[in-house]
Amino acid sequence: MFQHIEPYAGDPILTLNEAFGRDPRTDKINLSIGIYFDDEGKLPVMAAVRAAEAQQLQAAGVRPYQPMEGAANYRQAVQHLLFGAEHEAVKSGRIATLQTIGGSGGLKVGADFLKRWFPDSAVWVSDPTWDNHRAMFEGAGFKVGTYPYYDAATGGLDFEAMLAAIEQLPARSIVLLHACCHNPSGVDLTHAQWARLIPVIARRGLIPYVDIAYQGFGDGIEEDAWAIRALAADRTAGTPISFFVASSFSKSFSLYGERCGALSVVCPDAAQAELALGQLRATIRRNYSSPPTHGGQLVARVLQTPALRAQWAAELDAMRVRIAALRQRLHSGLGERLRAAGDTRNIDYFITQRGMFSYTGLSATQVDRLREEHAVYLVRSGRMCAAGLNPNNVDAVAAALATVMLKD
Ligand SMILES: Cc1[nH+]cc(COP(=O)(O)O)c(/C=N/[C@@H](CC(=O)O)C(=O)O)c1O
């Protein structure tokens, strides 16, 4: 019956992470999957989440189905975190926000909705982008193209090429953008570059699809939502830009397995938001009917309890600062080793790239050597998750990178 089915080749990130789990070497180091590990190399349980969970378990009771769109308190908490409670778009009720099964679920529900109601649109993603973006939108039936983004020569952004390409896109093209902490490059647009891009999006009548999976890991919780809020405020075309935002609490709450995400659709007015909400509810019903309760209620409780929200924000800020400090330590240790060998290449990208990821520029062969000979795991694209570094492994990573980089 199933003989004709092709064997699954595996996922470039998740399958590699599973291989790491099976690796028997005790000195193995996981810089592959986008997960934040603490100084002991373990997933943290945030104190604010632990406190919320204690309260929640005390009040635990019946477990009815959630509404298709998720719980009202969660949906409001998401809108306030992404857009700010005082934003005109929030206060005018023109954003349809739904709880989804992770940010992944938000992306897929939005993709299915767009395919149904904008069937002739194509999707354009950055070159490179998160490995799963292409798979998700192609899986929804879209043609997926790329726009220039990462500049290998500088380790930075080729913004002029990006802008020129987006200026050529036909109306209603769906443009997937990273709000902050670009995956896999760690390279983000400046506010000035967003200020040039957003009017082009408005004038061309494009449909931005913003993915924000790392809010708080770039410059800060509020700062990292700047592009989303600027998109919602733009009136270049005389009317608001309609756009999609898939968001995730997996990393910012360290709740990966609770699958806490959301999809927000910013519409021109409340009436159109109601129409979008209805068909998005139908899309969810056709996919998985309704979202789970527990994790989402932890997030809502933290975000809507002032003392817990302050505690969470402080913990997330500390995570961001810690990653930046470890990036500095790697940059120094690797730089010393390379210079000692007479190699003066510029490795500043380790400290200029932001969020969890750095695009090292290592070839797949070099990444394989790093894994096989040094037990250091990077994604084969050359992406390194800086959130896997800690004081106990950062020098070993610097030594391993230097050895591999100096060989070729
Ligand atoms: C940009 C982006 N968007 C969405 C997600 C999915 O989030 P979630 O809420 O867990 O469904 C991830 C996860 N990225 C890491 C893990 C993975 O690939 O699934 C990663 O890039 O390693 C992203 O990096």
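Keep in mind that the numbers below use all heavy atoms, side chains included, and drop hydrogens, waters and symmetry copies. Order of listing sets the numbers, starting from 1, for every ligand and every atom in it.
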Practice task
Check each atom of ligand 1 against the heavy atoms of S248 and keep those under 4.0 Å away; list them by number with element.
Solution key: 7 (O), 8 (P), 9 (O)

Fill in the blank from the handout: For G34, the ligand 1 atoms with a heavy-atom partner under 4.0 Å come out as 20 (C), 22 (O)

Practice task
If you have a sec, work out which protein heavy atom is nearest atom 7 (O) of ligand 1 and how many Å separate them, to one decimal?
Solution key: K251 NZ, 3.3 Å

Exercise for the section: Could you check E167 against R204 for salt bridge (charged side-chain N to carboxylate O under 4.0 Å, His left out), going step by step and ending with a plain yes or no? Expected result: CA-CA 7 Å; E167 272 173 336; R204 301 290 303 169; over 6 Å; no

Exercise for the section: May I have the step-by-step check of side-chain contact (heavy atoms from CB on, under 4.5 Å) for L114 and F142, ending in yes or no? Expected result: CA-CA 9 Å; L114 280 163; F142 284 105; 3.7 Å; yes

Practice task
Within a distance under 4.0 Å of any heavy atom of G102, pick out the atoms of ligand 1 and give their elements.
Solution key: 9 (O), 11 (O)

Practice task
Please check if atom CD in E372 has more than 12 non-hydrogen atoms from other residues, nucleotides or ligands closer than 6.0 Å.
Solution key: yes

Practice task
Specify side chain, backbone, both or neither for R383, according to which of its non-hydrogen atoms lie closer than 4.0 Å to ligand 1.
Solution key: side chain

Practice task
Return yes or no for this condition: an N or O of N183 is under 3.5 Å from an N or O of ligand 1.
Solution key: yes

Exercise for the section: Mind checking whether Y214 contacts ligand 1 via backbone (N, CA, C, O), side chain (CB onward), both or neither, at a 4.0 Å heavy-atom cut-off? Expected result: side chain

Problem - Enumerated ligand 1 atoms positioned under 4.0 Å from heavy atoms of R259 - result: 8 (P), 9 (O), 10 (O), 11 (O)

Exercise for the section: Could you say whether the N/O atoms of G103 and ligand 1 ever approach to under 3.5 Å? Expected result: yes

Problem - Donor-acceptor under 3.5 Å (N392 side chain, E40 main chain) - result: no

Handout entry: Pairs flagged by side chain to side chain donor-acceptor pair (under 3.5 Å) wherever residues 267-278 is involved - sequence neighbours left out
Key = D269-Q272

Exercise for the section: Using distance alone, determine whether L107 and ligand 1 share an N or O pair under 3.5 Å. Expected result: no

Exercise for the section: Would you kindly specify which portion of K108 sits under 4.0 Å from ligand 1, judged on non-hydrogen atoms: side chain, backbone, both or neither? Expected result: neither

Fill in the blank from the handout: If you scan protein heavy atoms around atom 16 (C) of ligand 1, the nearest is I33 CG1, 4.0 Å

Handout entry: Numbering as shown, the atoms of ligand 1 that approach S104 to under 4.0 Å (heavy-atom distance)
Key = 6 (C), 8 (P), 11 (O)

Problem - Residue R322 excluded, over 12 heavy atoms near CZ under 6.0 Å - result: yes

Handout entry: Per-residue contact class, D211 against ligand 1 - non-hydrogen pairs under 4.0 Å
Key = side chain

Listed pairs under 3.5 Å, donor-acceptor, residues 242-249 side chains, sequence neighbours left out:
residue, atom, partner, partner atom, Å
S248, OG, S250, N, 3.0
S248, OG, S250, OG, 3.4

Problem - Between H182 and Y149, ring centroids under 6.0 Å - result: yes

Problem - Centroid-centroid distance, W194 to H191, less than 6.0 Å - result: no

Exercise for the section: Applying side-chain contact (heavy atoms from CB on, under 4.5 Å), run through D219 and R354 and close with a yes or a no. Expected result: CA-CA 8 Å; D219 290 321; R354 299 122 37 81; 2.9 Å; yes

Problem - S250, any N or O under 3.5 Å of ligand 1 N or O - result: yes

Practice task
Please report which non-hydrogen protein atom sits nearest to atom 5 (C) of ligand 1, along with the residue it belongs to and the distance in Å to one decimal place.
Solution key: W130 CH2, 3.5 Å

